[in-house]
Trainee: 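Below you'll find the structure I mean.
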Amino acid sequence: MGDAIKLIKAREILSSGSTPSLEAKVELESGATGKFSVPYGASAGIHEAFVLLDGDKRRFLGKGMLKAVENINVKIAPLLVGMSASNQKDIDRKMIELDGTENKEKLGANAILAVSVAVARAAAEEQGKPFYQYIREAFGLRTVDYRLPNPMMVVIEGGKHADQSTDFQEYMISPIGKDSVKENVRMGIEVYLMLKRVLKEKGLNVNVGNEGAFAPNGLETNETPISLLIEAIEKAGYKPGEDIGISLDPAISEIFENGKYKLAKEGKSLSSEEVIELFKQWAEKYPIITLEDALHEDDWENWPKLNAAIGEKVAIVTDDLTVTNPKRLKRAIETKCGSAILVKLNQIGSLSETIETCMLARENNWMTIISHRGGGETNDTSMVDLAVAVNSGFIKVGPSRGERVCKYNRLMEIELELGKKATVQGKNFRKIA
Ligand code: PGA
Ligand code: ZN
């Protein structure tokens, strides 16, 4: 059969944060090929699938990925060679079974994911289909009605993604006002460029952090960036909330110490109740449209309270709480922790499980947001095709640096390709299609 897997080969590569990562290449009998390079998370949640690192301090300070590469070349390849590449679920199941652990600890989620997506890409090429269309068909998702995601751009970053900036990790702009991806991207980038001017005028540093966002160190409080964003939106000629909403990801588990959230910048420690109160006030004051990881990744008790307090106005997004894991998402849905899930392929470690999570979200009226990784992105754009395949509300990606803008460029390419066959999420992003 032409779509039988002939060869699987992996190698160590570099990711955007100069940490190693890996790439798998799959070749089919027909000659079709597929590649995928895995990203690496800087502020990874504790419940994410296991990333196998070498731990050999003589190479890349212990962060090499040669063991994962070897697992692909020596263990996974012989298992899958000869199988039909279009049998994605079987391929993923075989690897998961070979691993045999709950969190992919033996082979490494980095190894399994690299092969999982590379196989799918090869099958798509073999069938002569764009990757987003292939995903829809391979997993039996709906085949008509594409609703393209809006951009969600990290424009000021702190926490673990920058040095000496804010305690909270990400302040984002989410352009929703236009009915085209290209125009929404343009608005977002104009605001980003205007923000640079606004920061400069105030004597603030405009060097960028991990995700290509600004990371100035002279900001007064953790609230200051929001007013800067609003100033930039207005100066660029747009209406906050109408054209462009504010999105926040405090990634708050990262500053959780002894039962409290430590805001070093303000010399304060807040309880969960106080955090909920803080975001409630901000939601009243500012045009915030999404709020991600505003409570600890195991605080199942308080997430529903946050959602009850502001969930109607603001889409409450789970990231470290759910880590793209269908089991954790199920619990979050049942306990009403929010209404949207951040999805990162490498949090769970296979394409099939990622799709399962996205479908579970959709069946329960939860929005999906497909996301880049902070510290270690690659130039791969498969996440964008995934977002298009499942009608995600947003793609969350930084506004500058090659490994980020390639995602927007891919999304705009898909928009051109689909033409009238696609509409955009725009302001209706909370209506699940
Ligand atoms: P990470 O950050 O890739 O470092 O986890 C992104 C996020 O928290 O959304
Ligand atoms: Zn996050």
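Counting from 1, the numbers follow the sequence of the chain as shown. Indexing begins at 1, ligand by ligand and atom by atom, following the structure's order.
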Trainee: Salt bridge or not between K239 and E234? Use side-chain N to carboxylate O under 4.0 Å.
Mentor: no
Trainee: Indicate yes or no: does R59 engage D54 in a salt bridge with an N to O separation below 4.0 Å.
Mentor: yes
Trainee: Less than 4.0 angstrom from a charged side-chain N to a carboxylate O is my criterion; do K396 and E292 meet it?
Mentor: yes
Trainee: Which of the numbered atoms in ligand 1 are under 4.0 angstrom from any heavy atom belonging to E292?
Mentor: 9 (O)
Trainee: How close does the nearest protein non-hydrogen atom get to atom 2 (O) of ligand 1, and which residue and atom is it?
Mentor: H161 CE1, 3.1 Å
Trainee: Would you please say whether a donor-acceptor pair under 3.5 Å links the side chains of D319 and Q347?
Mentor: yes
Trainee: Looking only at protein heavy atoms, which one is nearest to atom 5 (O) of ligand 1, and what is the separation?
Mentor: R373 NH2, 2.8 Å
Trainee: When you measure from atom 9 (O) of ligand 1 to every protein heavy atom, which one gives the shortest distance, and what is it?
Mentor: K396 NZ, 2.7 Å
Trainee: Regarding K327 and E102, does a basic nitrogen lie under 4.0 Å from an acidic carboxylate oxygen?
Mentor: yes
Trainee: Record the part of D293 in heavy-atom contact with ligand 1 below 4.0 Å; permitted values are side chain, backbone, both and neither.
Mentor: neither
Trainee: Heavy atoms, side chains only, cut-off 4.5 Å: are H296 and S272 in contact?
Mentor: no
Trainee: Under a 3.5 Å cutoff, is there a donor and acceptor pairing between the side chains of S382 and R121?
Mentor: yes
Trainee: A42 heavy atoms, cut-off 4.0 Å: which ligand 1 atoms fall inside?
Mentor: 4 (O)
Trainee: One thing to verify: whether K262 and D167 come together as a salt bridge, which I'm taking to mean a side-chain N less than 4.0 angstrom from a carboxylate O.
Mentor: no
Trainee: Before signing off on this row, confirm whether G374 and ligand 1 have an N or O atom pair separated by under 3.5 Å.
Mentor: yes
Trainee: Salt bridge check: are E183 and R186 linked by an N-O gap of less than 4.0 Å?
Mentor: yes
Trainee: Below a 4.0 angstrom heavy-atom separation, can you tell me which part of N210, side chain or backbone, both or neither, approaches ligand 1?
Mentor: neither
Trainee: Sort by chain and number the protein N/O/S atoms found under 2.8 Å from the Zn ion (ligand 2).
Mentor: D249 OD2, E292 OE2, D319 OD2
Trainee: Starting from atom 7 (C) of ligand 1, locate the nearest protein heavy atom and write down its residue, its atom name and how far away it is, to 0.1 Å.
Mentor: K344 NZ, 3.2 Å
Trainee: Distance to 0.1 Å, residue and atom name: give those for the protein heavy atom nearest to atom 8 (O) of ligand 1.
Mentor: Q169 NE2, 3.1 Å
Trainee: Regarding R328 and E353, does a basic nitrogen lie under 4.0 Å from an acidic carboxylate oxygen?
Mentor: no
